[in-house]
Q: 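Pasting in a structure now, in structure tokens, and then I'll have a few things to ask.
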Amino acid sequence: MFRTNIKRVFKNAWLSFRRNGLLSTAAIVMMTLTLFVIGGLLLLSVVANAVLSDLENKIDISVYFLPGAPENQVLKIKNEIVVQDNVKNVEYVSQGEALAIFKERHKDDAVISASLEELGDENPLGAVLNIKAQNPNQLASVAQFLQAKKYDVVDKINYFENQSVIERLSAVVSGVKSIGLAIVLVLAFVAVLVAFNTVRLAIYTSREEINIMKLVGASNWFVRSPFLVTGLMHGGFSAFFTSLLFLPIIWGISPKVSFLLPSINLFDYFTSNFFEFFLIILAIGVTLGVGSSALAVRKYLKV
């Protein structure tokens, strides 16, 4: 008997879904747009976290010394730094090596090459110490240690410039997420409104059938269930279409992301986590669909 009732509920829900095809399609389209933005935010978070993590792992602290700083003083400072618990290693670049690296990096720049030739044997660059921390989170404490020492022969410490880049990138990502969340809320409201009106119309067009069901002794649960299942269909179809929509889009943009960020293969990540992604989108879609249907049933279906 229970199985028969379930079949009838789903049959009635499907009939209601088809009967109001235009509104059902509108509800699915709006929910698909909402879920698409949500899915985009999820993938943005993955890429942003990977970029920030990659940047943090690559960042070190470069200590630039004044030109002509005695090498023994530079090496003494190096020895003071390398014994710190939060320091992984310290690379020493001599004044001559720094000039050679600079020349190689700017060998195609005619202006810089000419300027260096005019200087002759004079070296305008100082020695450099490149410091790696045990953990990227410990770089700040290493930088603070160097600042507190106030070495006279140190020209500048570039950690704070790199840190500001990371902070700006984090701020941009946070801003995009906030804007995306605002768009999601607006689209979700419209999607719920459309689904709400779809179920309201379905209740209105089925009012005679509802009266007949009540006359023959149908329970309140049996009368309400088809409309809730209709909301379930809206959410389920929307999640399905959203997930399929992401496949060609991710496939298309993945090479461009990999070109900019070689450590990230977005398409491989998406396909390997497709099931989890679909479940998240499905859960959100079903919540929107069933929730809007429940509101409509509560307001307009008096049984």
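Keep in mind that this is a model prediction, so the values were computed, not measured. Residue indices begin at 1 and follow the sequence shown.
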Q: Mind checking whether Leu247 and Phe270 have side chains closer than 4.5 Å, heavy atoms only?
A: yes
Q: Between Ser62 (side chain only) and Asn130 (backbone N and O only), is there a donor and an acceptor less than 3.5 Å apart?
A: no
Q: Could you state the interatomic distance from CD1 (Ile38) to CD1 (Ile284), rounded to the nearest 0.5 Å?
A: 4.5 Å
Q: In Å and rounded to the nearest 0.5 Å, what is the CG to OH distance from Leu66 to Tyr151?
A: 14.5 Å
Q: Hey, what do you get for CG (Leu244) to CD1 (Ile249), rounding to the nearest 0.5 Å?
A: 11.0 Å
Q: Verify the neighbour count for atom CZ of Phe240: are there more than 12 heavy atoms of other residues, nucleotides or ligands below 6.0 Å?
A: no
Q: Is there a side-chain contact between Leu35 and Phe241 (heavy atoms, below 4.5 Å)?
A: no
Q: Quick one: does Phe65's side chain get under 4.5 Å of Leu129's, heavy atoms only?
A: yes
Q: Does the side chain of Val63 come within less than 4.5 Å of Ile77's, by heavy atoms?
A: no
Q: Aromatic ring centroids of Phe36 and Phe246 under 6.0 Å?
A: yes
Q: Side-chain contact test, heavy atoms from C-beta onward, threshold under 4.5 Å: evaluate it for Glu71 versus Tyr92 and give yes or no.
A: yes
Q: Distance from Ile253 atom CD1 to Lys256 atom NZ, nearest 0.5 Å?
A: 8.5 Å
